[in-house]
Structures are given as structure tokens and as C-alpha cells.
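Encoded as C-alpha cells, the structure appears first; notes follow it.
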Amino acid sequence: MDNGETAALILLDLSAAFDTVCHRTLVQRLNNTGIQGKALEWIASFLAGRTQRVRLPPFRSAATEVICGVPQGSSLSPTLFNVYMSPLATIARQHNLKIITYADDTQLILSLTSDPDAARASLHEGMKDVAEWMKNSRLKLNSDKTEVLILGSSPSAWDDSWWPPALGATPKPTDHARNLGFILDSSLSMTRQVNAVSSSCFNTLRMLRKIFRWIPTETRKTVTQALVTSRLDYGNALYAGTAAKLQKKLQRIQNASARLILDIPRHSHISEHLRDLHWLPVNKRITFRLLTHAHKALHDLGPKFLNSRLTFHKPTRQLRSASLALATVPRIRRATAGGRSFSYLAAKTWNSLPIHLRTTQDHLAFRKQLKTWLFEQ
């Protein structure tokens, strides 16, 4: 988008993905990744010997052995599913397709305008191989529920010619899509996400108001943090650089939460009460999350896709700035696109920190010092 291109985010949908994992194939792929011996036997034992039956009182079917699927609810199951899905990324990259996966959520990203003919050919061949691999792995690609989110100024760049005819009807482009519980819109303004969070949080606060008169303050705080604040904080680094009016809308949720917990009048000044609760305001919570991601990326502690986007500045000759732990700020073309990218915004925000924070190596110590510094601003 910063280069003036239009991109497509293709959100693939798998039908009952966790339930269709073949145990035998999973064990083979675990072995290929280097998990062998007793460890492999333990995992095979974890999967084996499971049965299921249908019960409809007074009737009960005979027990049937379960030969596929990973148990949902187990902390091990998402990791096993990731191993099962790992060959998919290799197939996509062989066709020059950018792929992002998280458990059964798989997305492809491609530019529709930089070289449309090459991109269309890559998508056709790549999706054919992806569909074939899924079929062989007993996974079902659901074309009817696959979504396409067009990001950029040319939504008409996507048409029926982009989708391989063998995979069914072409997914129609949408102006917003839910991705890992976060609503992305075609301009990445986050307006729909903020509206959804605001509606959900205020509905929750209205219900809590009915019972909070009988609950002590500390319990109120715990319940509110679990049901409301957690929603405000989820993915909040993505709110960095968004319109001030959206962040004010989120701040109103926090203000209402504080007033409900402390049982104070609706129009009373809130800043001191937020300090009493030891809550950073919403805009500083966003900055805190952005900078903790930046610290991880700069010290190679985060995921690779973030680590690669942020590096320490290394001057070509010996200068005093070499010891200041500054981040490299890339050039951008559009403040509304590149200016909100992690590589630019995180670097700019990082460089505004005092030197004692930028030179702190330990991540836990950095978080504590950063929170203290933000409270003082």
C-alpha cells in the first residue's frame, strides 16, 4: 500500500481442520522434524486408544476407535497441528506466494497490481498444489467460506480470473474480514474493530453494573480486567497510528470501567483514579505493547516476521550514535500506509525513548522500566 499497490489477503477456510488430522501422517511428519524415540512414542500414545460414541438416552451406540483428529482443549494439540500443516508453507513459497499461518488459520498475501500476470499465474499454480496437498493430507479446503480482503485503492483489481476454476466459485471480495478475532477493513483504519470492541465492552459493563453493588472493589477490578480490559488490550499494537477519535473511543471504555469499579460519578475527572488502579491510559497501553514488540524484535526474541523488520542502526563510520541503541527508520512514501507499518512506527517510537531504556537488554527489566517511564510522562 505504501508503494501505491493493491494487495489481496486471501483467508483460506478449512472444514473441521483439527478433527481431520490423520494420526499416522502426523507421526510421520513428527519423525521428519526430528522428534524420535521415546518422545515420539509418548505423542503416539497420547493420540492412540481414543474412542467415541453417540449417546441419545436411552440409546447408546457402540464405541468406535478415533483414528484422526487432535484433542481440542489440550495445550499440545495446536503444536501438533502446526507440525501437521508445516509442509503447506513450503508449497506456497515454491510458487512465490507469501503465506501466514496460525494453527488452522491460513492466509496468502499477494500484490494484484505490481505484476498481475505473474501474480495470477503463481496463485493458480500455487492454489492447485495447495488443494492437492490438503486432499492428500485429509484436509478439506472450503472455497465457499474462503474470504478475500482487498487492501489498497483499486478494489476492482480482483476478478474471477484470479481464482483457479478447478477450486469452485471465485471468492467475492469483502470490505472487512475477521482474522484471529480481530476485524480488518480494506483501508486498515481499524474502525470496524474499534466499533465492535466498544459495543461488546459497553454491553458487558451494563450487565456488570447490575451486580457490582454487592461485590467488593478488588473483586470488581479482577472481573473487569478479565471481561473488559482484556478486550481492550487484545491486539492493541495494531491501533498504533490510528485516528485519535478511535483511541478516544477506546479510552471511554476504560474510563467507564474505572468509574464502575470505584463507584464514582459519571462526569468526574478520571486521571487520578486511573493512577489509583495502576492503569495506563489507552494510548500509552498501545505504546507499551508496540515497544515491547520492538524490544523483542531488536534483541531477536520475537517471531521471525517481526525480527526481520527492525534492526539497530549501524553507522558506516564510527560515530557517537553507534552507542545510542537507535533503530533504523526506513523511508516511506505515505504517512497513512508506510507511516503505520511496524518497521517505521516502532522504530520512530523506539528512538524517542531515553537512552537508559534503549540500552536495557533484559526484556522483563525493560517492561518494568518502560511502564514506570510511561506513568511519569
Side-chain angles (χ1 to χ4, degrees), residues 1-14 85 88-102 104-134 141-180 182-193 235 238 241-243 303-306 308-309 330-345:
M1 291 173 69
D2 190 53
N3 291 330
E5 299 174 18
T6 297
L9 175 66
I10 305 173
L11 300 102
L12 303 180
D13 183 82
L14 303 180
M85 294 285 288
L88 181 62
T90 303
I91 294 172
R93 292 182 183 119
Q94 287 174 350
H95 295 280
N96 298 318
L97 295 176
K98 294 181 181 179
I99 183 170
I100 300 175
T101 61
Y102 183 83
D104 60 334
D105 286 282
T106 303
Q107 296 105 42
L108 301 175
I109 304 172
L110 72 158
S111 173
L112 302 179
T113 53
S114 61
D115 189 351
D117 292 336
R120 188 180 288 104
S122 295
L123 183 62
H124 276 229
E125 295 302 316
M127 283 305 303
K128 287 179 183 177
D129 287 351
V130 165
E132 183 65 24
W133 176 85
M134 287 185 175
L141 177 63
N142 191 342
S143 297
D144 293 337
K145 292 186 177 181
T146 293
E147 294 182 289
V148 177
L149 180 65
I150 306 300
L151 305 168
S153 57
S154 302
S156 60
W158 175 271
D159 55 38
D160 291 350
S161 67
W162 283 93
W163 195 247
L167 299 184
T170 304
K172 298 301 180 185
T174 180
D175 59 355
H176 68 280
R178 186 176 292 274
N179 190 6
L180 296 179
F182 206 95
I183 302 175
L184 300 177
D185 55 74
S186 55
S187 62
L188 297 181
S189 68
M190 306 304 169
T191 301
R192 284 183 177 270
Q193 168 65 15
L238 294 175
T242 55
K304 289 183 179 179
F305 67 88
L306 285 185
S308 62
R309 283 168 166 74
R331 292 182 178 180
I332 60 168
R333 299 183 181 182
R334 293 170 172 82
T336 55
R340 287 180 50 209
S341 66
F342 178 77
S343 55
Y344 178 83
L345 190 57

If the condition is ring-ring contact (aromatic ring centres under 6.0 Å, His included), which residues does F182 pass it with, not counting sequence neighbours? Y239
Under the salt bridge (charged side-chain N to carboxylate O under 4.0 Å, His left out) rule, what pairs show up with a residue in residues 93-102, not counting sequence neighbours? none
Do [X] and [Y] have side-chain heavy atoms sitting under 4.5 Å apart?
| X | Y | result |
| --- | --- | --- |
| I91 | I99 | no |
| M85 | T101 | no |
| F305 | I100 | no |
| D105 | Q107 | yes |
| H124 | P165 | yes |
| M1 | R340 | no |

Using 0.5 Å steps for rounding, measure from the [atom1] atom of [X] to the [atom2] atom of [Y].
| X | Y | atom1 | atom2 | value |
| --- | --- | --- | --- | --- |
| T113 | L110 | OG1 | CG | 10.0 Å |
| I109 | L149 | CD1 | CG | 10.5 Å |
| L88 | L12 | CG | CG | 7.5 Å |

Start with the C-alpha gap between L11 and R178, add the side-chain angles, then the distance that decides, and say whether side chain to side chain contact (heavy atoms under 4.5 Å, CB included) holds. CA-CA 9 Å; L11 300 102; R178 186 176 292 274; over 6 Å; no
So does Y102 get a backbone contact from the side chain of T106, meaning a donor-acceptor N/O pair under 3.5 Å? no
Between D175 (side chain) and S186 (backbone), is there a donor-acceptor pair under 3.5 Å? no
Show every side chain to side chain donor-acceptor pair (under 3.5 Å) that has at least one partner inside residues 149-162, sequence neighbours left out. R120-S161, D159-S161
Test side chain to side chain contact (heavy atoms under 4.5 Å, CB included) on I150 and L112 and set out the steps. CA-CA 9 Å; I150 306 300; L112 302 179; 3.9 Å; yes
Under the rule for side-chain hydrogen bond (donor to acceptor under 3.5 Å, both in side chains), what residues qualify as partners of E147, not counting sequence neighbours? none
Under the rule for side-chain hydrogen bond (donor to acceptor under 3.5 Å, both in side chains), what residues qualify as partners of D129, not counting sequence neighbours? H95
Quick one: do L108 and M127 satisfy side chain to side chain contact (heavy atoms under 4.5 Å, CB included)? Show the steps, please. CA-CA 10 Å; L108 301 175; M127 283 305 303; 3.5 Å; yes
Kindly indicate, with the supporting measurements, whether the criterion side chain to side chain contact (heavy atoms under 4.5 Å, CB included) is fulfilled by L123 and I10. CA-CA 10 Å; L123 183 62; I10 305 173; 3.9 Å; yes
Contacts of R309 meeting salt bridge (charged side-chain N to carboxylate O under 4.0 Å, His left out) (sequence neighbours excluded), chain-then-number -> none
